[in-house]
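Here is the structure we will look at.
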Amino acid sequence: MILGLVGPTAIGKSALALQLAKELNTNIISADSMQIFKEFNIGTAKPSNEEMSRIKHYMINIVDPCDSFNSNNYSQQVDKIITLENDKGQIPFMVGGTGFYFDSTLYEMDFENSVDYDLRKELNNYLILNGALELHNLLMKYDIESAMKIHPNNTKKVIRAIEIYKTTGLKKSDGNLNNKKLKYENIIFELTINREVLYKNIEKRVDKMIDNGLFDEVFNLMKYVPIDAQSMQGIGYKESVNYLKGNCTKEQTITSIKQNTRNYAKRQITYFKRLNTIKLDADLSANENINIINSIIKRYI
RNA sequence: GGGAAGAUUCCCGAGCGGCUAAAGGGAGCAGACUGUAAAUCUGCCGUCUUCGACUUCGGUGGUUCGAAUCCACCUCUUCCCA
């Protein structure tokens with residue numbers, strides 16, 4: 001059993017989560033694909049050390065910035081944590097904006113051992129040489145059903161589908177995507193807010209990150225983290241790299257970070273619709289929301 | 001004061017007599033998503049009673065069968081010489 005809190009970036013998840021975790025006397029499992037990286041602090045709006053010392057946060061600062069990490073790595077680690085906490089009689093509180101991490105934790109995922117990075121490289125070369133359509137035709141040969149579902153332009157997904165077939169002999173379309181097996185009972189809350197207000201919040205937050213020294217952080221990171229590392233693709237980071245390399249002005253960079261963050265928030269909101277969430281109004285005070293949450297939890301548990 | 005360029009749909013920006021509601025990009029909105037997910041990708045995007053109709057390309061008036069595209073004047077903008 002787990003409790004969850006989702007919401008788009010900059011809506012105030014962390015603040016509410018902190019209070020709630022204290023109230024409920026539980027630990028937090030972060031579900032954030034960027035906060036997993038060590039040393040990526042300002043741009044990921046990571047909780048402060050002080051905050052993390054007050055409430056235990058799992059899944060933050062667990063990956064070296066030069067390494068890669070994926071949703072499967074995530075769910076495997078979180079499985080252990082949930083079991084551990086549940087065994088102690090605790091219901092952990094999963095908080096974050098990475099909807100896919102919730103998905104891959106809450107449900108049984110198909111295709112064990114279906115990763116082959118060399119094959120990906122190979123397919124990527126094939127893509128460069130022959131184009132997206134030919135790559136898609138390749139998938140057509142192995143798994144027509146998936147090929148029909150995946151747009152040829154979505155080459156990452158086309159490659160993954162081929163990879164699944166080549167490594168496991170299974171077709172992606174054989175997975176249980178439409179019939180997912182639930183792993184954990186859960187109650188997921190979702191913070192919502194008026195879109196315009198959200199976008200304003202985002203802009204304010206980005207300005208704050210800049211004031212807090214985002215560029216310095218990235219400058220130091222660039223000394224040892226390759227620019228094409230997964231960690232460097234995060235919003236706020238890739239744009240800063242571009243700026244520090246002298247490719248654009250500071251103003252352009254800030255505008256672009258704000259823009260990309262807004263677009264991201266929009267995608268998050270779309271994703272949350274597939275999660276079965278209970279909506280919370282971010283305009284209400286933390287205490288009000290905590291009361292609402294408490295009453296709902298009591299009803300279920 | 002003289003000269004040059006230009007005003008295009010929310011923004012940038014093509015078009016330079018018919019094939020144009022007007023390329024492309026951005027924004028916005030909606031959506032997809034099972035191992036890079038802060039990623040990747042898709043659709044819509046003048047209005048409407050949407051297989052058709054209507055109103056648009058600074059303004060007004062012309063030339064044409066027909067104009068965002070040509071002409072005249074007006075308004076504004078940028079730039080250059082004073």
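If you're wondering where the values come from, they're calculated on a predicted model, not measured in any experiment.
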Distance in angstrom units between [X] [atom1] and [N] [atom2], rounded:
{"X": "A:L127", "N": "B:U36", "atom1": "CG", "atom2": "C1'", "answer": "16 Å"}
{"X": "A:F102", "N": "B:A38", "atom1": "CZ", "atom2": "P", "answer": "11 Å"}
{"X": "A:D228", "N": "B:U36", "atom1": "CG", "atom2": "C1'", "answer": "12 Å"}
{"X": "A:Y107", "N": "B:G35", "atom1": "OH", "atom2": "C1'", "answer": "18 Å"}
{"X": "A:F111", "N": "B:C33", "atom1": "CZ", "atom2": "P", "answer": "14 Å"}
{"X": "A:F40", "N": "B:A39", "atom1": "CZ", "atom2": "P", "answer": "14 Å"}
{"X": "A:Q35", "N": "B:A39", "atom1": "CD", "atom2": "P", "answer": "15 Å"}
{"X": "A:Y101", "N": "B:G35", "atom1": "OH", "atom2": "C1'", "answer": "10 Å"}

Exercise for the section: Give me the ring orientation class for A:F40 and A:Y237: parallel if the planes are under 30° apart, tilted from 30 to 60°, perpendicular past 60°. Expected result: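 Correct class here is tilted.
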Nearest heavy atoms of [X] and [Y], plus distance in Å:
{"X": "A:L139", "Y": "A:A161", "value": "CD1-CB, 3.6 Å"}
{"X": "A:M94", "Y": "A:F102", "value": "O-CZ, 3.5 Å"}
{"X": "A:L135", "Y": "A:L123", "value": "CD1-O, 3.8 Å"}

Could you tell me how far [M] sits from [N] if I compare only their [atom1] atoms? Round to whole Å.
{"N": "B:G6", "M": "B:U55", "atom1": "P", "value": "30 Å"}
{"N": "B:G2", "M": "B:C73", "atom1": "P", "value": "15 Å"}
{"N": "B:G62", "M": "B:A68", "atom1": "P", "value": "16 Å"}
{"N": "B:U75", "M": "B:G13", "atom1": "P", "value": "25 Å"}
{"N": "B:A32", "M": "B:A21", "atom1": "C1'", "value": "29 Å"}
{"N": "B:G18", "M": "B:C41", "atom1": "C1'", "value": "38 Å"}
{"N": "B:A22", "M": "B:U47", "atom1": "C1'", "value": "15 Å"}
{"N": "B:A53", "M": "B:G59", "atom1": "C1'", "value": "27 Å"}

Opposite nucleotide pairing with [N], Watson-Crick or G-U, both atom distances under 3.5 Å:
{"N": "B:G1", "value": "B:C81"}
{"N": "B:A38", "value": "none"}
{"N": "B:C65", "value": "B:G18"}
{"N": "B:C76", "value": "B:G6"}

Choose from [options] the nucleotide whose nearest atom is closest to any side-chain atom of [X].
{"X": "A:V115", "options": "B:U36, B:G35, B:A27", "value": "B:G35"}
{"X": "A:Y117", "options": "B:C33, B:U36, B:A38", "value": "B:U36"}
{"X": "A:K273", "options": "B:U40, B:G31, B:A38", "value": "B:G31"}
{"X": "A:N154", "options": "B:C33, B:G35, B:C41", "value": "B:C41"}
{"X": "A:N153", "options": "B:A27, B:A30, B:U42", "value": "B:U42"}
{"X": "A:Q230", "options": "B:U42, B:A32, B:U36", "value": "B:U36"}
{"X": "A:S33", "options": "B:U42, B:G35, B:A38", "value": "B:A38"}
{"X": "A:Y271", "options": "B:C33, B:U36, B:G28", "value": "B:C33"}
{"X": "A:Y264", "options": "B:G35, B:A38, B:C33", "value": "B:A38"}
{"X": "A:N263", "options": "B:U40, B:A27, B:G35", "value": "B:A27"}

Problem - NZ/NE/NH1/NH2 to OD/OE distance under 4.0 Å, A:R274 and A:D103 - result: yes
Practice task
Could you tell me whether A:E108 and A:K183 make a salt bridge, using a distance below 4.0 angstrom between a side-chain N and a carboxylate O?
Solution key: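 A:K183 and A:E108: not salt-bridged.
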Any donor-acceptor pair under 3.5 Å linking the side-chain atoms of [Y] with those of [X]?
{"X": "A:N27", "Y": "A:Q90", "result": "no"}
{"X": "A:Q252", "Y": "A:Y243", "result": "no"}
{"X": "A:R205", "Y": "A:T261", "result": "no"}
{"X": "A:D79", "Y": "A:Y184", "result": "yes"}

OP1 or OP2 of [N] sitting under 4.0 Å from any side-chain N/O of [X]?
{"X": "A:R274", "N": "B:A32", "value": "no"}
{"X": "A:K266", "N": "B:A30", "value": "yes"}
{"X": "A:R262", "N": "B:G28", "value": "yes"}
{"X": "A:Q259", "N": "B:G28", "value": "yes"}
{"X": "A:R267", "N": "B:A39", "value": "yes"}

For [X], report the nucleic acid contact type (base, sugar-phosphate, nothing); a contact means any heavy atom under 4.0 Å.
{"X": "A:Q76", "answer": "nothing"}
{"X": "A:K172", "answer": "sugar-phosphate"}
{"X": "A:D67", "answer": "nothing"}
{"X": "A:T44", "answer": "base"}

Exercise for the section: Residues of residues 235-253 of chain A with any non-hydrogen atom less than 4.0 angstrom from an atom of RNA chain B: list those, numerically ordered, please. Expected result: A:I235, A:K238
Exercise for the section: May I ask you to list the residues of residues 195-212 of chain A, by number, that have any heavy atom positioned under 4.0 Å from an atom of RNA chain B? Expected result: A:R195, A:Y199
Practice task
Report yes or no: is the cationic atom of A:R267 (NZ for Lys, CZ for Arg) closer than 6.0 Å to the six-membered ring centre of A:Y264, at no more than 45° off its axis?
Solution key: no
Practice task
Using the six-membered ring of A:F219, assess whether NZ or CZ of A:K223 lies under 6.0 Å from its centre and within 45 degrees of the ring axis.
Solution key: no
Handout entry: A:N276 and A:I188, any side-chain heavy atoms less than 4.5 Å apart
Key =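 With C-beta onward as the side chain, the pair stays apart.
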Problem - A:T26 side chain reached by A:I91 side chain, heavy atoms, under 4.5 Å - result: no
Exercise for the section: Specify the residue among A:G43 and A:S71 whose closest nucleotide of RNA chain B lies further upstream toward the 5′ end. Expected result: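 Result: A:S71.
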Handout entry: First of A:I164 and A:T270 reached from the 5' end of RNA chain B, by closest nucleotide
Key =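 Mapping each residue to its closest nucleotide by heavy atoms, the 5'-most match is A:T270.
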Handout entry: Donor-acceptor pair (no angle test) under 3.5 Å: A:N70 side chain, B:A37 base
Key =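 Checked by distance alone, the answer is no.
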